[in-house]
Structures are given as structure tokens and as C-alpha cells.
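Below is one structure; the comments refer to it alone.
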2 protein chains.
Amino acid sequence: MTSDLDTVFSALADPTRRRILTMLLEDDMAVTDVAEPFEMSLAAISKHLTILAGAGLISQEKRGRVKWCKLEPDALKGASVWMQGFGQFEPVNLDAFEAFLAQELGESPD
Amino acid sequence: MTSDLDTVFSALADPTRRRILTMLLEDDMAVTDVAEPFEMSLAAISKHLTILAGAGLISQEKRGRVKWCKLEPDALKGASVWMQGFGQFEPVNLDAFEAFLAQELGESPD
DNA sequence: GGTATAGTCAACCAAATGGTTGACGATCCC
DNA sequence: GGGATCGTCAACCATTTGGTTGACTATACC
């Protein structure tokens with residue numbers, strides 16, 4: 001039983017994959033364009049993208065011969081919450097932030 | 001140049017190590033006591049602890065023949081901030097949270 | 001149809017990972 | 001000193017990881 005956290009954290013453990021995610025923060029990209037700035041083969045990047053997709057961190061949609069990669073930041077949520085469990089980083093923690101969100105958003109559904 | 005994020009995220013990618021961290025959330029522990037609930041050798045746990053210490057996630061202090069392990073949650077900070085960069089988890093993002101913190105904390109230095 | 005482009009697949013490889021066991025050094029206790 | 005406990009080290013092993021190259025499929029273009 002491999003946890004979601006396993007796949008997410010190990011996906012994030014590789015600098016190439018983190019760099020890909022930050023690239024996708026700007027805009028959706030085709031596989032070839034993702035690969036362009038890296039000094040490694042297209043096949044290698046394709047594997048990295050498969051791993052990111054496996055972790056749910058990106059989604060991929062094929063249109064014509066081009067496969068578009070889209071960031072799915074929600075997949076970070078579980079990992080983020082897990083880490084917050086340790087995070088007395090700030091005097092204000094998740095509870096306070098949730099209270100803030102509740103107040104800020106009024107009645108947002110979901 | 002291996003990034004801090006590399007070592008932190010790959011330390012977190014293993015379920016045994018995450019479980020160790022949650023155990024240490026309760027209290028500082030000796031190596032033998034950390035190992036007790038796991039079905040694996042003491043040497044294996046010792047290696048995991050070395051990796052956690054290498055990532056800065058725990059510190060270890062030897063008193064007598066006992067080595068105490070202490071959680072160092074600040075080491076999660078960098079990784080947490082990195083992840084927040086993606087976190088349009090909610091309609092409210094980092095900017096809003098920073099504003100919230102500023103307001104909440106008044107004049108907290110640093 | 002023919003050719004270029006986008007991307008994956010399969011086989012292979014070196015290095016890293018996560019575990020084992022057995023020997024060992026240090027410390028505590030009698 | 002002698003024996004038990006704490007923990008690491010070293011050697012070893014199987015599996016996973018991150019990369020390569022070459023062949024291949026599918027789409028686009030002329």
C-alpha cells in the first residue's frame with residue numbers, strides 16, 4: 001500500500017521534476033517544450049512527466065500529436081497538510097489560517 | 001549541488017521515516033525506542049535516523065550510551081514555503097496569508 | 001504518398017536505496 | 001573485571017532510480 005504521500009514526496013525529491021513544476025506554474029506546456037531547457041533526452045523528460053502525473057501533480061491531455069501538461073497544484077494539498085502538522089513554523093498555524101480563510105471567504109461552498 | 005529541498009523531500013518520501021517523525025512529535029526518543037514498533041533491524045532504523053538528521057529534520061544528542069533524537073520541525077520550513085508557491089489551493093493565496101500574518105502579528109521582528 | 005515532428009516504448013546501464021547480518025566500541029551495572 | 005545494553009560500522013544483497021540509445025506509432029504538412 002503505497003501512500004499518496006510516498007508518491008508526492010518522492011516526485012518532489014528530484015530537482016528536475018521540481019523545475020518542471022515551476023515551469024508549468026507559468027503556463028501549460030507541450031512535452032517537447034518542457035524538455036527544451038534541460039540537457040537530457042526527451043525520453044528522460046517523458047519519464048519524469050509520467051512520474052509527476054502518477055503523483056497527480058500534473059495532468060496530461062493529448063491534442064493532435066501534441067501532449068499538453070498542466071499543473072495540478074491540488075495534489076500538493078495532502079503533503080502540505082501533513083507538513084503543517086509539524087509546523088509551529090510561525091506563531092500562527094493552520095487553525096488560525098483556517099479561521100482567516102473562513103472569515104475571508106464568507107460562504108464559499110466546498 | 002544537492003539542494004536542501006532534495007534531501008528534505010527524499011527524507012519525507014519514505015513512510016518509515018515519516019512515521020518516525022510523527023513519533024518524535026510526541027516526545028524526544030532514544031534510538032532503541034524509536035526502533036521498537038518497527039519490524040526491521042535496529043541498524044536499518046539507525047540508517048533512517050541518519051538520513052533524517054542529514055536533512056536537518058531531527059537532531060541527535062548522545063548522553064551516556066543513549067542517543068536521543070529530537071524533532072527539528074524548522075527544517076520543513078523551506079519545503080513548506082516552496083510548496084506554498086504552488087498553493088492556489090484556496091482562492092486565497094500566499095499574498096493574502098502574508099497580509100493576514102502581518103495584521104495578526106503586529107510588530108513581530110524578523 | 002512522402003517526410004518531418006511529437007512522443008512513447010524497450011532494452012540496457014550505473015548508481016543509489018533500503019534492507020540484512022555479524023563484528024565491534026562504549027557505556028552502565030554488579 | 002565481566003556481562004548486558006546501546007548504537008554504529010562494514011560487507012553484502014535485491015530492487016529502484018535516473019539516465020542513455022534506437023526503434024517505433026501517430027499526427028501534421030506539402
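These values consider heavy atoms only, across backbone and side chains, with no hydrogens, waters or symmetry-generated copies. The chains referred to below are lettered A, B, ... by the order of the sequence lines, with proteins before strands, and numbering in each begins at 1.
For A:F38 and D:dG18, the CZ to P distance is 14 Å, given to the nearest whole Å. Atom CH2 of A:W68 is separated from atom P of C:dA6 by 11 Å (rounded to the nearest Å). A straight line from CD1 of B:I45 to P of D:dC6 spans 15 Å, rounded to a whole angstrom. What separates CG of A:L12 from C1' of D:dT17 is a distance of 16 Å, to the nearest Å. For A:D33 and C:dG7, the CG to C1' distance is 13 Å, given to the nearest whole Å.
Cluster annotation: B:I51 is not connected to A:M83 through the hydrophobic network of ILVMFWY side chains, with a link wherever side-chain heavy atoms come within less than 4.5 Å.
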If a protein heavy atom is under 4.0 Å from the base, mark B; if only from the sugar-phosphate, S; if neither, -; do that for nucleotides 12-25 of chain C going 5' to 3'. ------SBBB----
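Scanning residues 57-67 of chain B for heavy-atom distances under 4.0 Å to DNA chain C yields B:G64, B:R65.
Side-chain atoms of B:S10 come within 3.5 Å of backbone N or O of B:D6 as a donor-acceptor pair. When atom types are taken as modelled, the side chain of A:R17 and the backbone of A:L12 share no donor-acceptor pair closer than 3.5 angstrom.
Annotation: side chain of A:R19 is in contact with side chain of A:P37 (closest heavy-atom distance under 4.5 Å). With contacts defined as side-chain heavy-atom distances shorter than 4.5 Å, the pair A:K70/A:E61 does not qualify.
B:G56 and B:A75 make their closest contact through O-CB, 3.2 Å (heavy atoms, listed as atom of the first residue, atom of the second, distance). For the pair A:C69 and A:L24, the tightest heavy-atom approach, listed with the atom from each and the gap, is O-CD2, 3.5 Å. Residues B:V8 and B:A79 approach most closely at CG1-CB, 4.0 Å, considering heavy atoms.
Between A:S46 and the phosphate of C:dG7, there is no side-chain N or O to OP1/OP2 separation shorter than 4.0 Å.
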